[in-house]
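Each remark here refers to the structure printed beneath this line.
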Amino acid sequence: MERVIIDGGKSRYHIVTSRVPHDAETYAASVLYEYLYKATGVLVPMFSDVIRCPKRSPEILIGSGVRGITADTGDIKDDGFVIKTAGEDIIIAGKTPRGTVYGVYSFLERYIGFKCFTKDVETFDCLDRIAVEDISISSEPAFEYREVYFRQAFDPDFCIKNGLNSNLAPIPAEKGGKLKFFNFHHSFNELVPPEEYYDEHPEYFSLADGKRLKEDTQLCLSNGDVFKIARRTLRKWIKENPTCKVFSVAQNDWLNYCTCENCRRLDDRYGTPAASVIDFVNRLAYDIKDEFPDVLLHTFAYQYTKKAPIGMKVADNVIVRLCNIECSWGMPMDKQAALDPASDAAGFVKNISDWGAMSRHLYIWDYACNFSNYLLPFPNYRTMPRNLRLYKAYNVAGVLQQGNFSYGEASGLADLESYLAARLLWDPNRDENRLIDEFLIGVYGRECYPFMKEYVDMLCEAVDGRRLRLYQNTDADYITDELVKRAEELFSEALSVVKSEKSRWYLRKEYLTVLFMKAARMPLCDPERSRLIDLLYSGVKEFGITEIRERRPLDISFDNLRNSQYGTARDNEYVLYYIMK
């Protein structure tokens, strides 16, 4: 049965919400109203299901409970949704109001070709007719937590249009909200501050090399008073932040774990310092479970805790976030592990398997950029999908993809990575080649697609089988003079045919990567090098790029570039700043 929503400049349909809709359901209905109009020029009336608005024609019902109809969302996850037909009517309803928002955008993607590539580039088809056959769709995300830790992906509309529930994005409740963390990172010093307790109670802090540490310390997790203080602090956090669902009880970002007799006894029993951490977090989790049943505690499997304590169970209300900072992204993790059982990737795959077997909420902190040189591309565009499929197979429940999170704009194809990660976190089985093609056409224009496609393919081929790590310079073996020369030719050709000013803006921004590679690889004695660096600096300032190396002032990074070929000189100007929560 065909249901004609719009045809010939007219519509018989109405968009209807429940009598007392959640704000996010009202928003979802308004999104459908807006984009149907943008695509066709036809206004489909929208109202709530109140007595004075009886049903007069076929309807698109937004959310569950409209007209007394409870949408059967079955066993789908909280962010999942259904789209189904019921007679002439169409129902779009999520398991939660946020799921309803995702459902509307999925409906628009299916029927008007809607796609959001960046915070300011989206596309949809202009149509004369929209019709729906019999349909029964049930969709849920592969991962319960989906974070793209790139600055441009913090835009709340980009997130909701691409199925993200990112903690760092300011997604308001009226647009569906997010999985909100109180604190996101390392927290032992916040739970039991050394500056407050160390002088009178050094025993509260880690014993390392025979000394209780105040600086760069961890907690003595077997100390009963430490547990009581942490419990008190945690409960205070939870009560004062009722909109937050996740609270970190996580090791500090250095080593020096406690080796006192009691901590060491537990760690030795399970063969890893993660044992005392999980035991401590579990005890806190069991303590709060009845009073705060919806709260999750978050801890890391990172550096000295990445090895799982086999035989221990992680409490159901605990998130374990496993990090893979030591790895390489030049080929998929499982392929690396098969080729070299002694590789970092092989160890990481084993850790995923072990933690996944004992954790209900295993999250991965994954990486997707070069922190030493943000302007360099990080060609993981075809390894990322396979890695995400691996994570899903090993019971991973959440993934964060960390890229360039510095304030301002970014080059190095960060926009492509953000889009690709967002789409794959909902469904890692999506065809990555199709997603890449859609992005290249949508952002740079169909006329520039052949050149940008060759550029992306060239980068992926160059890095295939080589080391792609988080801290590399322009002398990395996948970057050659021939690659830089061809990249410059491709951008020149693309810029000669580009049609829209928006596409030209994105091309010029991405060309900064090529200019950077070219300038940095030149010998210091080449007089052209200084001119190109000046040109690069002007471009970086023009496009609002605030960092080209992680947390380094821009001028210091450029001094480094001017004074060392490949930009390999080190500096100590590491600037710690806070990312919005």
Side-chain angles (χ1 to χ4, degrees), residues 150 324-331 336 343-345 367-381 383 402-406 408-414 416-417 455-456 458-488 491 509-537 539-540 543 545-575:
F150 286 69
N324 57 4
I325 196 169
E326 305 89 354
C327 291
S328 168
W329 285 261
M331 68 173 70
Q336 292 182 60
S343 65
D344 290 323
Y367 296 88
C369 83
N370 185 328
F371 294 106
S372 288
N373 291 287
Y374 278 150
L375 291 177
L376 284 184
F378 196 80
N380 65 340
Y381 323 124
T383 60
Q402 182 178 355
N404 181 348
F405 56 89
S406 63
E409 287 294 332
S411 187
L413 291 175
L416 170 61
E417 281 190 280
Y455 178 62
V456 169
M458 179 176 68
L459 292 171
C460 290
E461 290 166 10
V463 82
D464 185 30
R466 293 185 171 88
R467 290 159 63 89
L468 180 64
R469 293 194 179 263
L470 308 182
Y471 300 94
Q472 290 179 294
N473 294 300
T474 55
D475 57 351
D477 62 359
Y478 75 92
I479 302 173
T480 64
D481 291 342
E482 292 75 21
L483 181 145
V484 176
K485 181 176 182 294
R486 183 55 184 156
E488 190 161 34
F491 273 87
K509 182 167 71 107
E510 286 305 326
Y511 176 68
L512 295 175
T513 286
V514 182
L515 188 57
F516 172 69
M517 290 191 292
K518 183 178 180 180
R521 291 176 63 83
M522 281 183 170
L524 292 178
C525 59
D526 192 324
E528 178 70 0
R529 189 176 193 273
S530 181
R531 187 188 72 82
L532 291 181
I533 292 175
D534 287 343
L535 188 62
L536 177 65
Y537 183 81
V540 164
F543 285 96
I545 294 172
T546 61
E547 294 178 22
I548 63 171
R549 300 182 68 196
E550 183 189 17
R551 290 175 172 165
R552 263 71 173 186
L554 196 59
D555 287 343
I556 288 177
S557 295
F558 269 89
D559 286 344
N560 172 293
L561 181 60
R562 293 178 194 281
N563 296 323
S564 62
Q565 189 180 18
Y566 309 119
T568 55
R570 298 294 89 192
D571 64 64
N572 296 315
E573 297 292 335
Y574 189 90
V575 180

Candidate list Arg562, Arg552, Glu547, test side-chain contact (heavy atoms from CB on, under 4.5 Å), partner Ser557, passing option: Arg552

Asp475 side chain near Thr568 side chain, heavy-atom distance below 4.5 Å: yes

When you look at Leu413 and Leu459, which way does the side chain to side chain contact (heavy atoms under 4.5 Å, CB included) test go after all the steps? CA-CA 11 Å; Leu413 291 175; Leu459 292 171; 3.9 Å; yes

Which heavy atom of Gly412 sits nearest to which heavy atom of Thr513, and what is that distance? N-OG1, 2.9 Å

Heavy-atom closest contact (Phe378 atom, Asn370 atom, distance): CD1-N, 3.7 Å

State, with a plain yes or no, whether a side-chain heavy atom of Glu550 is found less than 4.5 Å away from one of Tyr471. yes

Looking only at heavy atoms, what is the nearest atom pair of Gly567 and Asn560, with distance? O-OD1, 3.1 Å

Working to the nearest 0.5 angstrom, can you tell me the gap between Arg486 CZ and Tyr455 OH? 12.5 Å

What residue pairs, at least two apart or across chains, pass side chain to side chain donor-acceptor pair (under 3.5 Å) with a residue in residues 458-469? none

Spacing of CG belonging to Asn373 relative to CG belonging to Leu376, to within rounding of 0.5 Å: 4.5 Å

Using the test ring-ring contact (aromatic ring centres under 6.0 Å, His included), find all partners of Tyr478 that sit at least two apart in sequence or belong to another chain. none

Which heavy atom of Leu483 sits nearest a heavy atom of Ala462, and at what distance? CD1-CB, 3.5 Å

Partners of Phe516 by ring-ring contact (aromatic ring centres under 6.0 Å, His included), sequence neighbours excluded? none

Check whether any side-chain heavy atom of Asn473 sits under 4.5 Å from a side-chain heavy atom of Ile479, and report yes or no. no

Side-chain touch Val514/Glu510, heavy atoms, less than 4.5 angstrom: no

Output all residues satisfying salt bridge (Lys or Arg N to Asp or Glu O under 4.0 Å) with Arg521, sequence neighbours left out; order by chain, then residue number. Asp481

Where Asn380 and Ala368 come nearest, the two heavy atoms and their spacing: ND2-CB, 3.7 Å

With rounding to the nearest 0.5 angstrom, report the CD1 to OG distance, Ile545 to Ser411. 5.5 Å

I'd like to know whether Leu561 forms a side chain to side chain contact (heavy atoms under 4.5 Å, CB included) with Ile533, so could you lay out the CA-CA distance, the side-chain angles of the two residues, the decisive distance to 0.1 Å, and finally the verdict. CA-CA 8 Å; Leu561 181 60; Ile533 292 175; 4.0 Å; yes

To the nearest 0.5 Å, what is the distance between CG on Leu536 and CE on Met517? 11.5 Å

Any donor-acceptor N/O pair, Ser328 side chain to Leu468 backbone, under 3.5 Å: yes

Minimum heavy-atom separation for Cys460 and Tyr381, please, with both atom names. SG-CD1, 3.5 Å

Measure the acute angle between the ring planes of Tyr367 and Trp329, then classify it against the limits of 30° and 60° as parallel, tilted or perpendicular. perpendicular

Please identify each residue that fulfils side chain to side chain donor-acceptor pair (under 3.5 Å) with Tyr537, with sequence neighbours left out. Asp555

Are Met522 and Tyr566 packed together at the side-chain level, in the sense that at least one heavy-atom pair is separated by less than 4.5 angstrom? no

Could you tell me whether the side chain of Arg529 and the main chain of Leu524 form a donor-acceptor pair under 3.5 Å? no

Nearest 0.5 angstrom please: Glu417 CD to Cys369 SG, how far? 7.5 Å

Please report the interatomic distance CD(Glu488) to CG(Leu515), rounded to the nearest 0.5 Å. 8.0 Å

Do the side chains of Arg531 and Glu528 get close enough for a salt bridge, i.e. N-O under 4.0 angstrom? yes

With sequence neighbours excluded, what pairs up with Lys509 under the side chain to side chain donor-acceptor pair (under 3.5 Å) test? Glu409, Asp415

